[in-house]
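The structure appears below as structure tokens.
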Amino acid sequence: MSEDGLPPLRAVIAAHGLAARKGLGQHFLLDLNLTRRIARAADLASGAPVVEIGPGPGGLTRALLLEGAGHVLAIEKDARCLSALGEIAAAYPGRLTVLEADALAVDIPAALSRAGQTTPAQLVANLPYNIATPLLVRWIKAEPWPPWWRALTVMVQKEVASRLCAEAGTSDYGRLTVLAAARACPRRLFDIGPQAFVPPPKVVSTVLRLEPRAEAPDAATMAALERVTAAAFGQRRKMLRTSLKGAFPAPEGVLESLGLKSDARAETLTPADFLALARRLGASS
Ligand code: SAH
């Protein structure tokens, strides 16, 4: 038995036949000490309801409940996991709602409301690696703003964390960095090696935390920012006066009027420079 009176995760996996499936990005964390460390990196004391994506056999779910989450809404696509998750729900009456769904298709605020919970919530998850980036982009683009989340505490592939937290001028710096910086402050917390997972993934994972900026660009500016960064980073080796032709009819004049060098490359512009370009694009279209 574990501290929560539930069987160890290895026994849960064996009892419910939860052999990991690659197509679902399944890499399970079986060490409750490790999942508790992730849970403690979230701000459970805030009392904000927790949303978890991909609970799987429930290692992180159990840690969140043990560490004091008032309510967890856990969204899992793999129906095989539901019976194991049901046992956790029974051990914590009224504190765990399990939703069988594809996280990419769920309206999270509506699901929270159906579960009797209010927003803002906080999201804590060991994200399925194959959809981590689209999920993060979706939450960064959430409308209305401030969003339904007050913090995202997520484990992702280290490479995704590096892109989210990159400095201008580095090879990791790109569209994801600029979109995230416009609306949130991403912070790396700690790394977890492949051997902590069953089965081990090929790469190191990083736990990171994003908090939304109160003052952030609106939906139209975010759409313009996506167009500008797509053009600039789509041809990141080219000079901006060339690559930005995908966004502006005459990029040279626009760059000059913003005090930016037209022979520079995308990665030399700061997130604030990109935002200035997006505002110019928004105003002209
Ligand atoms: N949180 C667990 C499992 C992480 S593995 C742990 O830390 O051990 C990723 C989990 O996400 C798996 O349970 C997988 O079935 C689930 N998953 C994959 N794609 C999903 C999707 N589109 N929507 C919801 N869950 C998904």
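Since the model is a prediction, treat every value here as computed from it, not as a measurement. Counting convention: from 1, in listed order, for ligands and their atoms alike. Side chains included, hydrogens not; waters and symmetry mates left out as well; all remaining heavy atoms used.
- Counting the atoms of ligand 1 from 1 in the order shown, those under 4.0 Å from a heavy atom of Ile75 are 24 (C), 25 (N).
- Annotation: Arg236, atom CZ; neighbour count of heavy atoms from other residues, nucleotides and ligands within 6.0 Å is above 12.
- Annotation: Pro57 places no N or O atom under 3.5 Å from an N or O atom of ligand 1; distance criterion only.
- Under a 4.0 Å heavy-atom criterion, Gly59 is not in contact with ligand 1.
- Proximity of Trp149 to Thr119: side-chain heavy atoms (C-beta onward) are nowhere separated by under 4.5 Å.
- Here Arg36 pairs with Glu3 in a salt bridge; the nearest charged N to carboxylate O distance falls below 4.0 Å.
- The residues Asp78 and Arg80 are annotated as salt-bridged, a charged nitrogen and a carboxylate oxygen being separated by less than 4.0 angstrom.
- Not close to ligand 1: Met155, with no non-hydrogen atom less than 4.0 angstrom away.
- Using a 30° and 60° split on the angle between ring planes, Phe274 and Tyr173 fall in the tilted class, from 30° to 60°.
- Residues Ser257 and Arg280 bring a donor and an acceptor atom of their side chains to less than 3.5 Å of each other.
- Leu29 N, 2.8 Å is the protein heavy atom nearest to atom 8 (O) of ligand 1.
- Annotation: atom 23 (N) of ligand 1 to nearest protein heavy atom, Ala103 N, 2.8 Å.
- Between the side chains of Ser46 and Arg150, a donor-acceptor pair is found at a separation under 3.5 Å.
- Of all the heavy atoms of His27, the ones lying under 4.0 Å from any atom of ligand 1 belong exclusively to the backbone.
- Residue Glu52 has at least one heavy-atom neighbour below 4.0 Å for each of these atoms of ligand 1: 1 (N).
- Electrostatic pairing of Lys141 and Glu226 counts as a salt bridge here, judged by a charged N lying under 4.0 Å from a carboxylate O.
- Protein heavy atom at the shortest distance from atom 15 (O) of ligand 1 is Glu76 OE2, 2.6 Å.
- Scanning the protein for heavy atoms near atom 17 (N) of ligand 1, the closest one is Pro128 CG, 3.7 Å.
- At under 3.5 Å, a nitrogen or oxygen of Gly54, whether backbone or side chain, sits near a nitrogen or oxygen of ligand 1.
- If you number the atoms of ligand 1 from 1 as listed, the ones under 4.0 Å from a heavy atom of Asp78 come out as 15 (O).
- Scanning all protein heavy atoms for the shortest distance to atom 18 (C) of ligand 1 gives Leu24 O, 3.1 Å.
- Put simply, CG on Asn130 and NZ on Lys22 are 11.0 Å apart, with the number rounded to the nearest 0.5 Å.
- With 3.5 Å as the limit, one finds a donor-acceptor pair spanning the side chains of Arg188 and Ser162.
- Those atoms of ligand 1 with a heavy atom of Gly56 less than 4.0 angstrom away are 13 (O).
- Given atom 9 (C) of ligand 1, the protein heavy atom at minimum distance is Gly25 O, 3.7 Å.
- Under 4.0 Å from ligand 1, the heavy atoms of Ile131 that appear belong solely to its side chain.
- Residue contact annotation: Pro55 has a non-hydrogen atom under 4.0 Å from ligand 1.
- Atom numbering of ligand 1 starts at 1 in the shown order; those under 4.0 Å from a heavy atom of Gln26 are 5 (S), 12 (C), 13 (O), 14 (C), 15 (O).
- Salt bridge status for Asp172 with Arg163: absent, with no side-chain N to carboxylate O gap under 4.0 Å.
- Taking a 4.0 Å cut-off on heavy atoms, Ala101 registers as neighbouring ligand 1.
- The ligand atoms of ligand 1 that sit less than 4.0 angstrom from a heavy atom of Asn126 are 1 (N), 4 (C), 6 (C), 7 (O).
- Applying the 6.0 Å contact sphere to CD of Glu167 captures no more than 12 heavy atoms from other residues, nucleotides or ligands.
- Residue Asp102 has at least one heavy-atom neighbour below 4.0 Å for each of these atoms of ligand 1: 21 (C), 22 (N), 23 (N).
- Here is the list of ligand 1 atoms found below 4.0 Å of a heavy atom in Lys77: 20 (C), 21 (C), 22 (N), 23 (N), 24 (C), 25 (N), 26 (C).
- With respect to Arg209 and Glu211, a salt bridge is recorded, a charged nitrogen being found less than 4.0 Å from a carboxylate O.
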